[in-house]
Amino acid sequence: MRQGILLYGPPTAGKDTVTAALAELSPKYAPFTRLKIGEGKTQGYRMGTPEQLSGLEARGGVIYRNERYGNIYVVDRPGLEQAMEGDRIPVVHLGQMVGMAQVPALFPAHWVRVLLWCSKETVTLRSPQRGDTDTAARLTAWDATQADLAAHPQAQWDLSVDTDTTTAAEAAKRIDASVRAASLHA
């Protein structure tokens with residue numbers, strides 16, 4: 001069965017850094033590049049147009065979409081299909097619990113669910129260090145993520161990692177072990 005990783009957490013929890021560490025562990029891990037409709041940061045995204053989004057929606061190709069920072073971010077079926085070619089394991093970044101439910105529900109695969117967490121104080125430090133010019137919006141998103149998580153106490157995680165106290169390399173090793181264990185039971 002196809003496999004994937006869902007990384008959930010607030011801004012600056014280390015989703016990009018942990019994904020890079022996973023890719024260093026094995027070439028089978030690849031970041032899933034979400035489709036982004038909007039402006040701002042382009043690195044790590046497939047930039048799209050409103051017309052492309054409308055076409056995907058009309059064909060049932062949108063697995064999950066959310067709006068944040070004035071942009072639309074999309075997890076799409078064609079993108080996931082391509083990301084899983086050659087037995088690769090895509091690492092999908094999500095910041096909303098509805099996405100954590102919707103992606104596995106609409107795209108069958110064995111998904112390893114990982115909660116990456118950091119303190120609000122860490123967001124204050126990491127956000128400017130990574131070049132964000134909207135740290136206040138990142139702090140608001142941290143609050144929203146915490147509230148979203150609290151509203152879903154039934155959420156089940158294969159692994160939880162506090163990135164305030166765990167290096168990206170160690171987090172990647174722990175996630176890799178979870179993926180390998182899950183493949184034995186799939």
Stepwise side chain to side chain contact (heavy atoms under 4.5 Å, CB included) check, Leu53 with Arg65
CA-CA 10 Å; Leu53 177 58; Arg65 71 175 268 176; 3.6 Å; yes

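- Phe32 pairs in a side chain to side chain contact (heavy atoms under 4.5 Å, CB included) with only one of the listed residues (Ile5, Val91, Asp76, Leu7), which is Asp76.
- Taking both residues in full, the closest heavy atoms of Thr19 and Pro31 are given as CG2-CB, 3.6 Å, listed atom of the first, atom of the second, then distance.
- Residues Tyr73 and Val98 are members of separate hydrophobic clusters, defined by side-chain heavy-atom contacts under 4.5 angstrom among Ile, Leu, Val, Met, Phe, Trp and Tyr.
- In this structure, the side chains of Pro78 and Leu56 come closer than 4.5 Å at one or more pairs of heavy atoms.
- Using a 4.0 Å cut-off between a side-chain N of Lys or Arg and a carboxylate O of Asp or Glu, Asp148 and Arg68 do not qualify as a salt bridge.
- No hydrogens or angles considered: a donor-acceptor pair under 3.5 Å links the side chains of Ser119 and Asp164.
- The local environment of CD in Gln154 is crowded, with over 12 non-hydrogen atoms from other residues, nucleotides or ligands closer than 6.0 Å.
- Taken to the nearest 0.5 Å, the CD atom of Gln96 stands 7.5 Å off from the OH atom of Tyr8.
- Here the CG atom belonging to Leu35 is positioned 11.0 Å from the CG atom belonging to Asn71, to the nearest 0.5 angstrom.
- Counting heavy atoms from C-beta on, the side chains of Tyr29 and Ile175 never come closer than 4.5 Å.
- Remark: the backbone N or O of Glu170 is paired with a side-chain donor or acceptor of Thr167 at under 3.5 angstrom.
- Leu6 has its side chain within reach of Pro104: a pair of non-hydrogen atoms, C-beta onward, lies under 4.5 Å apart.
- For Phe107 and Tyr64, the ring centers are positioned 6.0 Å apart or more.
- Taken from CH2 in Trp157 to CG in Leu116, the straight-line distance is 9.0 Å, to the nearest 0.5 Å.
- Remark: the backbone N or O of Thr124 is not paired with any side-chain donor or acceptor of Ser127 at under 3.5 angstrom.
- Closest heavy-atom contact between Gly48 and Gln52: CA-OE1, 2.9 Å.
- Put simply, the residue from Gln3, Arg2, His110, Met84 that forms a side chain to side chain contact (heavy atoms under 4.5 Å, CB included) with Ile89 is Gln3.
- Annotation for Gln82: atom CD does not count as buried by contact number, only 12 or fewer foreign heavy atoms lying within 6.0 Å.
- Residues Val92 and Met97 share a single hydrophobic cluster, defined by chaining ILVMFWY side chains whose heavy atoms lie under 4.5 Å apart.
- The backbone N or O of Lys41 sits less than 3.5 Å from a side-chain atom of Lys36, completing a donor-acceptor pair.
- Within the structure, the salt bridge (Lys or Arg N to Asp or Glu O under 4.0 Å) test picks out the following pairs touching residues 101-130 (sequence neighbours left out): Lys120-Asp143, Arg130-Asp132.
- Side chains of Val74 and Arg34 form no contact here, defined as non-hydrogen atoms less than 4.5 Å apart.
- Here Thr145 contributes atom OG1 and Leu115 contributes atom CG; the two are 10.0 Å apart, rounded to the nearest 0.5 Å.
- Across all non-hydrogen atoms, the minimal contact from Leu22 to Ala172 is CD2-O, 3.5 Å.
- Note that OG1 of Thr33 is 11.5 Å distant from CE of Met47, once rounded to the nearest 0.5 Å.
- Cluster annotation: Leu149 is connected to Val123 through the hydrophobic network of ILVMFWY side chains, with a link wherever side-chain heavy atoms come within less than 4.5 Å.
- Across every non-hydrogen atom of Thr163 and Cys118, the tightest pair is OG1-CB, 3.5 Å.
- Between Ser178 and Val112, the shortest heavy-atom distance links the atoms CB-CG1, 4.1 Å.
- You'll find the side chain of Asp176 stays beyond 4.5 Å of the side chain of Lys173, heavy atoms only.
- No side-chain heavy atom of Val18 sits less than 4.5 Å from a side-chain heavy atom of Val114.
- When all heavy atoms of Thr17 and Ala168 are compared, the pair lying nearest together is CG2-CB, 3.5 Å.
- One finds the CZ atom of Arg174 at 5.5 Å from the OG1 atom of Thr166 (value rounded to the nearest 0.5 Å).
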Let me see the working for Asp16 and His93 under side chain to side chain contact (heavy atoms under 4.5 Å, CB included), right down to the final yes or no.
CA-CA 8 Å; Asp16 286 335; His93 299 177; 3.1 Å; yes

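- Of the possible donor and acceptor atoms, none in the side chain of Arg77 sits under 3.5 Å from a partner among the backbone N and O of Arg59.
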